[in-house]
Amino acid sequence: MRTFRNRTTVLAAATTAALALTLTACGDNGSGTRSEGAAADRSATAAASPAESGKGAGAEKAADDTAGTGTTGTTGGSTGTAQPAGAAKSSGGSGNTGGTSAKATVTLCAAQGLKITAERQDGPPYTHLTLSAKNTSGTSCEMKEYPHIHFLDNARGIVPPVAKSKPQAPVILEPGQSAYAAVRMSEGGRKETTETVKEFTVTLKANGGGTAVVKSPAAEGLAVNPQKWATGYWTPELRNGADDF
């Protein structure tokens, strides 16, 4: 009986030890597996964090780029061109106002770019002329002051200007447009002493020179009186009052 009891005890102990070892091994494997899984999870999290950070940075950069992009266009139109705001700043803040700048440089009209003609006013007696200067140059130009008219020889002088006819604004001629000047030749009196001219010269002295020869609009010529002649300034149109003299 004692031998059987000892064997039973030994077997029981061995069985208990084996079971304990088995449970321990199972616990280690489970613990190891969980430890490796946790480590893998931490590694995956650590690896994913820079990528997600990079994506976030890229998204923020894209948002910044989008926010930094401006749309510019002409003030008078509905279409525009998208460009970086920095480019707009580098342009010096200049903009298109839809019209010609007041500071834009306009050349002076030259005699070779004008067609100057004369036409009699009213009458008889015909005492006044209208000079017309049409811009044939193909570009905008400015007419300054008044025409320097020589009806007779140079020794007789130019026809003097009438101050009240001077326009307030510069006279700018677009291609095809004309400027006008009223000219008084005489008073038309019966006892008035006049001289007849068939042609005369118009010099654009204020425009840097240049002379045009103008034919009389009448075959019989024009009766002029050096004591009474006068000329108005170049103007876009003849005006009541200012050009009445």
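In this structure, the side-chain contact (heavy atoms from CB on, under 4.5 Å) partners of L238, at least two apart in sequence or on a different chain, are Q121, T130, Y180, A182, T235, D243. For T203, the side-chain hydrogen bond (donor to acceptor under 3.5 Å, both in side chains) partners at least two apart in sequence or on another chain are T211. Residues passing the side-chain contact (heavy atoms from CB on, under 4.5 Å) test with A218, sequence neighbours excluded: R120, S216, E220. By the ring pair (Phe, Tyr, Trp, His ring centres under 6.0 Å) test, Y146 is found to be paired with H148, Y233, residues two or more places apart in sequence or in another chain being considered. With sequence neighbours excluded, the residues forming a ring pair (Phe, Tyr, Trp, His ring centres under 6.0 Å) with W229 are F151, listed by chain and number.
V202 places a side-chain heavy atom less than 4.5 Å from the side chain of L131. Here the side chains of S140 and Q177 are not in contact, with every heavy-atom distance at 4.5 Å or above.
Proximity of a side-chain donor or acceptor of N207 to a complementary backbone N or O of L108 within less than 3.5 Å is not detected. Between the side chain of K164 and the backbone N or O of D244 there is at least one donor-acceptor pair closer than 3.5 Å. A donor-acceptor pair under 3.5 Å is formed between the side chain of N135 and the backbone N or O of L173. Panel note: side chain T136, backbone G113; a donor-acceptor pair is recorded below 3.5 Å.
Each of V162 and V224 belongs to its own hydrophobic cluster when Ile, Leu, Val, Met, Phe, Trp and Tyr are linked at side-chain heavy-atom distances under 4.5 angstrom.
Screening residues 110-141 for ring-ring contact (aromatic ring centres under 6.0 Å, His included), with sequence neighbours left out, gives no hits.
What you find for T231 and A181 is that their closest heavy atoms are OG1-CB, 4.4 Å. Minimum heavy-atom separation, A219 to K198: O-CE, 3.4 Å.
In this structure, E192 does not pair ionically with R190, as no charged nitrogen and carboxylate oxygen lie closer than 4.0 Å.
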